Student: 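This is the structure I have questions about; it appears just below.
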Amino acid sequence: RGCHVSLITNQSCVGKGIISERELDDIHKKLGEMLLEEDGDAVLDNVYICTSTREDDDRRMKPGPGMIEEAKHDFGNRNQNEFSCVFIGDTLTDMMAAMAGGVGLRVLVETGYGRVLMGRNA
């Protein structure tokens, strides 16, 4: 494989008690299964989850860089240049977290919230 792939996600729904950690794990398990159905080589190397709420003021919660720094550390990328990893997201907080985490290549996609941010509501 040519690169590591991680999911970095805020899930305050757990911190708020809307769903349990087990339910979130089940969602991520299903996501992994769906990826493999699409492409037998599609696998997430790691999933970084922040279950904090805004009131917790957690550095790991996007737009903070905490989870990105963890991923860069885990994959030996902390001393690489800013263009040695790519961050793909669909929210402004994703882009802010990537910038704060020193990621030079940031892609805002038009799915989910990204479409609205780009003014493409239709």
Side-chain angles (χ1 to χ4, degrees):
R1 292 192 40 209
C3 65
H4 296 286
V5 178
S6 296
L7 173 64
I8 295 176
T9 180
N10 287 344
Q11 293 298 326
S12 61
C13 54
V14 175
K16 294 174 184 175
I18 297 169
I19 68 171
S20 68
E21 286 192 32
R22 181 176 178 154
E23 289 170 307
L24 182 61
D25 288 342
D26 289 344
I27 291 168
H28 288 136
K29 181 180 177 186
K30 180 64 177 174
L31 174 64
E33 292 169 0
M34 291 169 67
L35 284 171
L36 284 173
E37 286 174 14
E38 285 293 317
D39 182 333
D41 293 326
V43 24
L44 293 172
D45 293 302
N46 211 340
V47 178
Y48 298 87
I49 305 165
C50 180
T51 60
S52 300
T53 64
R54 292 186 205 271
E55 292 77 28
D56 295 327
D57 196 31
D58 187 342
R59 175 175 167 68
R60 295 182 76 245
M61 185 177 209
K62 296 180 290 180
M67 291 187 284
I68 293 170
E69 292 168 348
E70 288 175 36
K72 289 171 77 174
H73 177 269
D74 290 349
F75 295 111
N77 196 10
R78 63 179 174 254
N79 295 321
Q80 301 294 322
N81 72 47
E82 66 179 301
F83 298 105
S84 60
C85 66
V86 177
F87 193 97
I88 302 169
D90 70 344
T91 67
L92 186 56
T93 55
D94 288 339
M95 298 301 103
M96 293 167 64
M99 183 177 282
V103 178
L105 298 173
R106 299 176 295 275
V107 178
L108 179 65
V109 295
E110 289 188 29
T111 59
Y113 300 108
R115 179 174 296 277
V116 174
L117 286 172
M118 290 183 210
R120 296 185 175 110
N121 298 333

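Note: hydrogens, waters and symmetry copies are ignored here, and every other heavy atom, side chains too, is used. All figures in this text were calculated on a predicted structure; none of them were measured in a lab.
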Student: Among L105, I68, L108, find the residue that satisfies the side-chain contact (heavy atoms from CB on, under 4.5 Å) test when tested with F87.
Tutor: I68
Student: So which of N10, I8, L7 actually passes side-chain contact (heavy atoms from CB on, under 4.5 Å) with Y48?
Tutor: I8
Student: Is there a side chain to side chain contact (heavy atoms under 4.5 Å, CB included) between H4 and C85 once you walk through the steps?
Tutor: CA-CA 9 Å; H4 296 286; C85 66; over 6 Å; no
Student: Which residues satisfy the side chain to side chain donor-acceptor pair (under 3.5 Å) test with T51, sequence neighbours excluded?
Tutor: none
Student: Closest approach of S52 and M61, non-hydrogen atoms and distance?
Tutor: O-CE, 3.3 Å
Student: Give me each pair satisfying side chain to side chain donor-acceptor pair (under 3.5 Å) with a member in residues 23-33, each pair once, sequence neighbours excluded.
Tutor: S20-E23
Student: Taking all heavy atoms of D45 and all of F75, pick out the closest pair and write down the distance.
Tutor: CB-CZ, 3.6 Å
Student: In this structure, would I49 and I18 fall into the same cluster of hydrophobic residues linked by side-chain contacts under 4.5 Å?
Tutor: yes
Student: Among all residues two or more places apart in sequence or in another chain, which pass the side chain to side chain donor-acceptor pair (under 3.5 Å) test with E37?
Tutor: none
Student: Which atom pair, heavy atoms only, marks the closest approach of A97 to G64?
Tutor: CB-O, 3.6 Å
Student: How about D57: does its CG atom have over 12 heavy atoms from other parts shown lying under 6.0 Å from it?
Tutor: no
Student: Would you say L36 ends up clustered with V5 if hydrophobic residues are merged whenever their side chains have heavy atoms under 4.5 Å apart, either directly or through other cluster members?
Tutor: no
Student: Could you pull out the closest heavy-atom pair between M95 and V107, with the gap in Å?
Tutor: CE-O, 3.3 Å
Student: If every non-hydrogen atom of S6 is compared with every non-hydrogen atom of L44, which pair is closest and at what distance?
Tutor: C-CD2, 4.3 Å
Student: Set out, in order, the CA-CA distance, both residues' side-chain angles and the distance that settles side chain to side chain contact (heavy atoms under 4.5 Å, CB included) for L31 and V47, then state yes or no.
Tutor: CA-CA 11 Å; L31 174 64; V47 178; over 6 Å; no
Student: If you take all heavy atoms of D58 and C50, which pair is closest and at what distance?
Tutor: OD2-SG, 3.7 Å
